[in-house]
J.: 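The structure's right below; bear with me while I get my questions together.
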Amino acid sequence: MEVKSALIVLVGPTASGKSELALALAQQLGGEIVSADSMQVYRGMDIGTNKPSPEERRRAPHHGLDLVEPQIEFTVAMYRRYALGALSAIRARGRIPILVGGTGLYIRAVVDGLCPAPPADPACRQALAREAALIGADALHARLRQADPVTAARVHPHDARRVIRALEVYRVSGRPLSAWHQQTEGLAGAWEIRQVGLLPPREALDARINARVRGMVAAGLVEEARALHAAGVSRTAAQALGYKELFAAFEGRWGMDEAIARIQRETRRYARRQLTWFRRDARIAWLTPVEAPRDLVPQVRSLLDC
RNA sequence: GGGCAGGUUCCAGAGCGGCCAAAUGGGGCGGCCUGUAAAGCCGUUGGCUCACGCCUACAGAGGUUCGAAUCCUCUCCUGCCCA
C-alpha cells in the first residue's frame, strides 16, 4: 500500500486570518500555498482582493494568484485544472501543498472534483434565457423536470442560473447533469486530505471586516478600482466586492461614502455565506482565530498530526 | 405668528372604517449551492403559545362607531411656504 501525500486545506470566511496562518504554516512545514480564491486570480486586482504582498510571496511560494487579466471570464473549471497541476508539481518537488481560500466552490472542485459535463455554451444559454423570458421561470423548470428530474428536484424554480445550466448540459450533451455528476472524482484516492477551518465569532468577524475595508481604502483601493474601471473588466471580475460598489460610484449611482458603507455590508454578508458553506462540512476541523494567526500553527500541527 | 403637507412595524414607504401584525423594497437572521460562485437562489423577520388563540402595536390624549392605522377634537414633533 503506497503512502499518500498530504494535502492541507485551510478554509474560512474573509478576514478570518487564513492567509496569514497559511503563510506561517508553509514556512514551518516547507509548504507551498495554493490560493482558492475566485478574485485573486485576476491581475491588477490587488488591494480589493487582499492579495498577498510581494514580500509575503517571497516568504513562501504562492500559486493561483494573478492567473489572468481582469478582462477574462474565469471559471471553476479553469481553476480546477490549474490547481490540480500546481498540486502535482508541488508534490513532485517533495513539498507540502496548502490549499487556502474562501471560495467554497473552488475548494470543492479540487477536493471533491468537478463533473466532466460540457462547459458553458453561450449560444445555448442565450436561447434558454430567451425561452425563460417567454414562457416564465416555472415553465422552464417544468421542462427541466422532464429532462432531469433529479436536478429539478434540488434546484428551486426561481434559481434561473441553475435551471438554465442544467438544461444547457442536457441539450448540449444529451445527458442530464445529474448523470454527469456521478462521474465526479475527488482527490481522496490519491491524497491524504486534512482540512482545517477558521471559525471566528460573527461579531469579531464583522468588526474585522469593517476595519479591513477602511484599510483598503486608505491603501488606495479607489484609485486601483478607477484604473480597472477605465480599462474595462469581464463580467466575472466586475462582481468582485469592493470594485463593484466603486464602479457604481464612478458611474454616479451613489457617493463615495455610500460605496464604502456598501462594501463593508456586502463583505459581511459574503462572510456569512462562506460560513454556511463551510460549516456543514464534517471533514473540517474548526479553530477559533486569534489576534496573531501564526500562534495557531502548533494547534494546527497537532490537529493535522504533521 | 399664519398656511400647507406630514408623523406607520429596524429603515424607506404603501394602506385611508372591518378582508391589517399591516403591501413592497432595503436591512437583519437562517439556509441552499458542481463551469458567472466576492455570483445566484430560498425561507424568515412584534411578543407569548409557536395548534386554535391571546397580548402589545400605526406620535400622544380624548371622542365618533358594533368595529379605527384609517373619521373628528386638542396636544407634541417634522418639512415646505408666507410673515
Side-chain angles (χ1 to χ4, degrees), chain A residues 12-15 35-42 45 47-51 68 70 72-83 101-122 124-126 129 137 141 148 150-151 153-169 172-173 176-186 202-203 206 209 212-213 216 221 225 233-247 254 258 261-281:
Chain A
T14 6
S35 160
D37 185 301
S38 66
M39 294 300 160
Q40 290 188 348
V41 299
Y42 288 115
M45 294 175 59
I47 300 170
T49 64
N50 202 248
K51 219 177 269 174
V68 296
I72 301 292
E73 302 284 0
F74 198 76
T75 68
V76 221
M78 291 163 84
Y79 174 74
R80 180 173 128 92
R81 198 171 313 129
Y82 171 86
T103 304
L105 181 64
Y106 283 18
I107 299 274
R108 177 188 290 174
V110 172
V111 172
D112 298 319
L114 191 68
C115 75
D121 178 329
C124 176
R125 218 168 253 203
Q126 208 173 29
H141 187 260
D148 183 352
V150 176
T151 301
R154 17 170 305 263
V155 175
H156 187 101
H158 294 174
D159 198 344
R161 205 165 276 193
R162 293 197 172 82
V163 171
I164 288 177
R165 155 104 278 233
L167 282 168
E168 169 192 59
V169 168
V172 170
S173 68
L177 179 59
S178 49
W180 286 106
H181 273 338
Q182 315 207 268
Q183 293 175 44
T184 308
E185 267 184 65
R202 274 298 278 293
E203 211 174 293
D206 288 353
I209 288 170
R212 172 136 120 188
V213 170
M216 287 177 175
L221 176 62
V233 301
S234 70
R235 187 185 41 180
T236 312
Q239 296 171 342
L241 284 168
Y243 302 94
K244 180 172 42 185
E245 293 78 7
L246 287 170
F247 290 173
W254 49 60
E258 174 68 14
R262 277 174 188 262
I263 295 170
Q264 294 177 316
R265 190 172 65 220
E266 292 307 314
T267 305
R268 276 180 261 134
R269 303 230 262 189
Y270 169 52
R272 197 181 77 59
R273 272 176 275 135
Q274 289 178 301
L275 285 170
T276 77
W277 176 288
F278 293 121
R279 216 158 24 189
R280 65 172 178 167
D281 192 332

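Every chain is numbered from 1, with letters handed out A, B, ... down the list of sequences.
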J.: Could you tell me the Watson-Crick or G-U partner of B/G1, where both distances fall under 3.5 Å? Say none if there is no partner.
T.: B/C82
J.: Let's test this: given Watson-Crick or G-U wobble pairing with both distances under 3.5 Å, identify the partner of B/C32.
T.: B/G40
J.: Output the residues of residues 236-243 of chain A in contact with RNA chain B, where contact means a heavy atom of the residue under 4.0 Å from an atom of the strand; sort by number or write none.
T.: A/Thr236, A/Gln239, A/Ala240, A/Leu241
J.: Is there a Watson-Crick or G-U wobble partner for B/G46 with both distances under 3.5 Å, and if so, which one is it?
T.: B/C55
J.: Look at all strands and tell whether A/Ala117 reaches a base, only sugar-phosphate, or nothing, counting heavy atoms closer than 4.0 Å.
T.: base
J.: Please determine, for B/U9, whether a Watson-Crick or G-U wobble partner exists with both distances under 3.5 Å, and give it or none.
T.: none
J.: Report which part of the nucleic acid A/Ala109 touches: base, sugar-phosphate, or nothing (heavy-atom distance under 4.0 Å, all strands).
T.: nothing
J.: Between B/A37 and A/Tyr106, is there an OP1 or OP2 to side-chain N/O distance shorter than 4.0 Å?
T.: yes
J.: Using a cut-off of 4.0 Å on non-hydrogen atoms, how would the nucleic acid contact of A/Thr49 be classed: base, sugar-phosphate, or nothing?
T.: base
J.: On the nucleotide B/C42, are OP1 or OP2 found under 4.0 Å from the side-chain N or O atoms that A/His158 carries?
T.: yes
J.: Can you pull out every salt bridge (charged side-chain N to carboxylate O under 4.0 Å, His left out) where at least one residue sits in residues 234-247 of chain A? Sequence neighbours excluded, please.
T.: none
J.: List for me each residue that meets side chain to side chain donor-acceptor pair (under 3.5 Å) alongside A/Arg162, sequence neighbours excluded, and say none if there are none.
T.: A/Asp159
J.: Using a 4.0 Å heavy-atom cut-off across all strands, classify A/Thr14 as base, sugar-phosphate, or nothing.
T.: nothing
J.: Let me have the donor-acceptor pairs involving side chains of residues 105-117 of chain A, under 3.5 Å, with sequence neighbours excluded, atom names and distances please.
T.:
from: A/Asp112; atom 1: OD1; to: A/Arg283; atom 2: NH1; distance (Å): 2.8
from: A/Asp112; atom 1: OD2; to: A/Arg283; atom 2: NH2; distance (Å): 2.9

J.: Under 4.0 angstrom, heavy atoms only, what part of the nucleic acid is A/Gly104 near: base, sugar-phosphate, or nothing?
T.: nothing
J.: In the strands shown, is B/C66 matched to any nucleotide by a Watson-Crick or G-U wobble pair with both distances under 3.5 Å, and which?
T.: B/G18
J.: Any base atoms under 4.0 Å from A/Asp112, or only sugar-phosphate, or nothing? Heavy atoms, all strands.
T.: nothing
J.: Contact class for A/Tyr79 vs. all strands (heavy atom < 4.0 Å): base, sugar-phosphate, or nothing?
T.: nothing
J.: With a 3.5 angstrom cut-off on both distances, give the Watson-Crick or G-U wobble partner of B/U73, or none if there isn't one.
T.: B/A61
J.: Taking only residues two or more places apart in sequence or in another chain, which ones pass side chain to side chain donor-acceptor pair (under 3.5 Å) with A/Thr14?
T.: A/Gln274
J.: Quick one: what's the B/S/- string for nucleotides 27-33 of chain B, heavy-atom cutoff under 4.0 Å, read 5' to 3'?
T.: SSSBBBB
